[in-house]
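We're numbering straight along the sequence, starting at 1.
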Amino acid sequence: MDAPIPLPPSVARKPIYARTLAFRAYAREDGLWDVEGRMHDSRDYLFDRFEGGALPAGEAAHDMSIRITVDDALLVRDVVAGMAARPFEECVQATAPLKRLIGSTLGKGWRRAIDEAMGGTAGCTHLRELLFNMATAAIQAVPSYQEHLQYPGERNPGQAQSMPHFVDRCMSWRRTGPVVERHYPQFFIQPSDSD
C-alpha cells in the first residue's frame, strides 16, 4: 500500500501521517468464515504522546486487529480483537464489548448493532471504524466465493432468479444503467426521460 494514490498532482508537500486499513477473508474447514481487519496508524515525525514519552517517526500509534467469525448468512458467531499498539493501557478494555456483537448480522443494521454494543464510552472509536468496514469485506468475500464453489467457471448472471444484493446500491449497478442491462438484463428497467 506504499504506492502513490492515483490522484492528480498536488503542490510540493511532505508526508506527515498514514493510516492503513486492511481486510482479509478466509473459508474455514468447519464451514464458517473468518473476516479479519487491521488498522495501522503512524506519523512521519517524532510525536509527543500523552503517556509513554515520544513516539518515533514511523512507529505505530495504533495497530489494532479484529477477527469476526460468521456463518453462511453472515451471522456473527464470534469476535476477537487485539491491540499491538494503542495510546493507553486502558484501551484494551474496549475489546470486551465486541462480544455483544455475537448474534448480529454483517449487513443491514450492522452500524446500529455496533453503536448499541460499543458506542460512545463503551468502546473504542478506532475499533468501531474498523468494524463498520468489515461488513463490506464480508459481503465482497463470502457470497462471491459461495457462488464460485457452486458454479465454478460458469458465471452466468443472466440466469439469476433473484436480484443480487448489490443492484441499485451504486451508480454503476443502478437498474436503469448499462451495466445491469449487460449483465442482469432480467432486472434492467428502461430509464425514463428524467433519469
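Residue pairs meeting the salt bridge (charged side-chain N to carboxylate O under 4.0 Å, His left out) criterion with at least one member in residues 82-97, sequence neighbours excluded: Arg86-Glu89. The list of salt bridge (charged side-chain N to carboxylate O under 4.0 Å, His left out) pairs with a residue in residues 93-105, not counting sequence neighbours, reads Asp78-Lys99. For residues 55-64, the pairs satisfying salt bridge (charged side-chain N to carboxylate O under 4.0 Å, His left out) are Arg38-Asp63, with sequence neighbours left out. Identified under the ring-ring contact (aromatic ring centres under 6.0 Å, His included) test for residues 83-107, with sequence neighbours left out: none. Within the structure, salt bridge (charged side-chain N to carboxylate O under 4.0 Å, His left out) contacts touching residues 168-183 (residues at least two apart or in different chains) do not occur.
With sequence neighbours left out, Asp71 forms a salt bridge (charged side-chain N to carboxylate O under 4.0 Å, His left out) with Arg77. Shown here are the side-chain hydrogen bond (donor to acceptor under 3.5 Å, both in side chains) partners of Thr136, two or more places apart in sequence or in another chain: there are none. With sequence neighbours left out, the side-chain hydrogen bond (donor to acceptor under 3.5 Å, both in side chains) criterion links Trp110 to no other residue. Asp41 is linked by a side-chain hydrogen bond (donor to acceptor under 3.5 Å, both in side chains) to Tyr17, Arg19, His62, counting only residues two or more places apart in sequence or in another chain. Remark: Gln146 pairs with Asp72 by the side-chain hydrogen bond (donor to acceptor under 3.5 Å, both in side chains) rule, at least two apart or across chains.
Closest approach of Met118 and Pro97 over heavy atoms only: CB-CB, 3.8 Å.
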Solution key, residues 24-32 side-chain donor-acceptor pairs under 3.5 Å, sequence neighbours excluded:
from: Arg28; atom 1: NE; to: Asp30; atom 2: OD1; distance (Å): 3.1
from: Arg28; atom 1: NE; to: Asp30; atom 2: OD2; distance (Å): 3.4
from: Arg28; atom 1: NH1; to: Asp34; atom 2: OD1; distance (Å): 3.1
from: Arg28; atom 1: NH1; to: Thr69; atom 2: OG1; distance (Å): 3.3
from: Arg28; atom 1: NH2; to: Asp30; atom 2: OD2; distance (Å): 2.5
from: Asp30; atom 1: OD1; to: Leu32; atom 2: N; distance (Å): 3.0

Pairs under 3.5 angstrom only: tabulate donor-acceptor contacts from the side chains of residues 101-108 to other protein residues two or more places apart or in another chain.
from: Ser104; atom 1: OG; to: Leu101; atom 2: O; distance (Å): 3.1

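Two residues are said to be in side-chain contact when any heavy atoms from C-beta on lie closer than 4.5 Å; Val35 and Leu74 fail this criterion. Using a 4.5 Å heavy-atom threshold, the side chains of Met83 and Leu127 count as touching.
With rounding to the nearest 0.5 Å, the separation of CE in Met39 from CG in Leu131 is 9.5 Å. Taken to the nearest 0.5 Å, the CD atom of Glu129 stands 11.0 Å off from the CD1 atom of Ile114. To the nearest 0.5 Å, atom CD1 of residue Ile66 and atom CZ of residue Phe23 are 8.5 Å apart.
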Is there a side-chain contact (heavy atoms from CB on, under 4.5 Å) between Val167 and Phe188 once you walk through the steps? CA-CA 10 Å; Val167 171; Phe188 174 72; over 6 Å; no
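Sparse packing is recorded around CD1 of Ile16, with 12 or fewer heavy atoms of other residues, nucleotides or ligands lying under 6.0 Å away.
Tracing side-chain contacts under 4.5 Å through hydrophobic residues (I, L, V, M, F, W, Y), one reaches Val179 starting from Tyr184; they form part of the same cluster.
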